[in-house]
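To find a chain, count down the sequence lines: A is the first, B the second, and so on, and within it residues start at 1.
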There are 2 protein chains.
Amino acid sequence: MERADVIPLLGEVFRAHGFEGASLSAITAGTGLGKGSLYHFFPGGKEEMAAAVLQDIDGWFERAVFAPLRDEPDAAAAIRASLAAVEQYFRSGRRVCLVGVFALGEVRDRFADEVEGYFARWRAALAAALQRAGRPEAEARDTAEDAVLTIQGALVLARALDDPAVFTRALARLEHRLFG
Amino acid sequence: MERADVIPLLGEVFRAHGFEGASLSAITAGTGLGKGSLYHFFPGGKEEMAAAVLQDIDGWFERAVFAPLRDEPDAAAAIRASLAAVEQYFRSGRRVCLVGVFALGEVRDRFADEVEGYFARWRAALAAALQRAGRPEAEARDTAEDAVLTIQGALVLARALDDPAVFTRALARLEHRLFG
DNA sequence: GCGACTCTGTACCAATCAGTACACACAAAA
DNA sequence: TTTTGTGTGTACTGATTGGTACAGAGTCGC
């Protein structure tokens, strides 16, 4: 087992329990690794584990969502593709956003840069794509903010009501709002 | 100090730390009460405290938001009033939704009925108001769901970016979407 | 075979956890 | 003034917390 293999497992543990709720015993259970291995890979303990997970998630979104949104020549297609990627990433509403979970807790402050950067870059990348698709700058910024927050809210409500369809419907409405 | 006085303080502690993160010492610090008093008021411990807080919040929303939405003859005015109440309750984005925080954590399952009921009744009440305001049923349901999830997402994003204005803007856009 | 290095299990630590027990303060009622 | 009942502080419990120490296991190149 390598360090890189552990990070996704850690992600699921933090997703399920939050940062404070993710006890070392929950982490060992969720990863199948003992404390020895855990502290070998992450000498900084829980904090380093969480930082690694955040960086991993950020990297994925940067590659699969933010960069295409910024660089893809066909902006409209990039936006549609990003929505599809997001829907798949969050398992159609069955999975929760770790960064959002962290944002709501008091851990937010400890990972302020990571949390803020993630959402700020998402919003900025989407705004850039919308502008390239022809929207005026102010409207593009507003619409991008609305889209990001809709996705987050949809995840909250889907989990609250234990109904993934809430997320699916919200994404469908969002796409319609962005293009219809 | 009476039991009723403690509940709002408990609410703020749970808001700040989440359920798992709200240690007894955080609770005593936040409420100014010792364990003796705490367990005198809430023999069931943290679980009973959280249940009382959820019930308190639910009661406030039922009175100030859900019931007017269902019963007020002027549906449009009721919707506008509910938005204003929500904006004030969440301190224009500086406060977070406890029920949303619980929904994202693993505590959700322990308080499944309360969490589910809160959001389900919010959505239903708003849908009823929209229908009375003239929207067809399916559209009213969709729009209500969108509104509730927008509010939740706005709270997440506002806290993530440490920018309450995100919430204010989202509410303004939402009102425009509901009436414009 | 030999070290060298990466990985892992176990025993251990002080601190903190949620929760209990109980004596006592303080009030209103008698 | 005594009684009764509602609060409250403190000391304690066993369990669990995050973290450390360290002896080994496994696997390399040599």
**Asked** How would nucleotides 16-26 of chain C be written as a contact map, 5' to 3', with B for base contact, S for sugar-phosphate-only contact and - for no contact, using protein heavy atoms under 4.0 Å?
**Response** -SBBB------
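In this structure, Gln131(A) and Ala140(A) approach most closely via the heavy-atom pair N-CB, 3.9 Å. Residues Ala147(A) and Leu126(A) share a closest heavy-atom pair of CB-CD2, 3.5 Å.
Taking the six-membered ring where the residue is Trp, Phe167(B) and Phe90(B) present perpendicular rings, their angle passing 60° and hence far from 30°. Between Tyr118(A) and Phe61(A), the ring planes lie perpendicular to each other; the angle is over 60°, past the 30° to 60° tilted range.
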Report all interatomic pairs (protein N or O, nucleotide N or O of nucleotides 3-7 of chain D) with separations under 3.5 Å.
{"from": "dG7(D)", "atom 1": "OP2", "to": "His40(B)", "atom 2": "NE2", "distance (Å)": "3.3"}

**Prompt:** Going through the distances and angles, do Glu72(A) and Arg132(A) end up as a salt bridge (Lys or Arg N to Asp or Glu O under 4.0 Å)?
**Reply:** CA-CA 10 Å; Glu72(A) 176 70 36; Arg132(A) 266 185 299 126; over 6 Å; no
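Each of Leu161(A), Leu171(A), Val156(A), Leu155(A) was evaluated against Val166(A); a single residue qualifies, Leu161(A), per the side-chain contact (heavy atoms from CB on, under 4.5 Å) test.
Follow the hydrophobic side-chain contacts under 4.5 Å out from Val53(A) and you never reach Leu9(A); the two are in separate clusters.
The shortest side-chain heavy-atom distance between Arg70(A) and Glu62(A) falls under the 4.5 Å cut-off. Side-chain contact check for Leu104(A) versus Val101(A): every heavy-atom pair is 4.5 Å or farther apart.
Near DNA chain D, meaning a heavy atom under 4.0 Å from it, residues 5-14 of chain A has no residue at all.
Using a distance-only test at 3.5 Å, with no hydrogens or angles considered, no donor-acceptor pair links the side chain of Ser37(A) to the main chain of Leu33(A).
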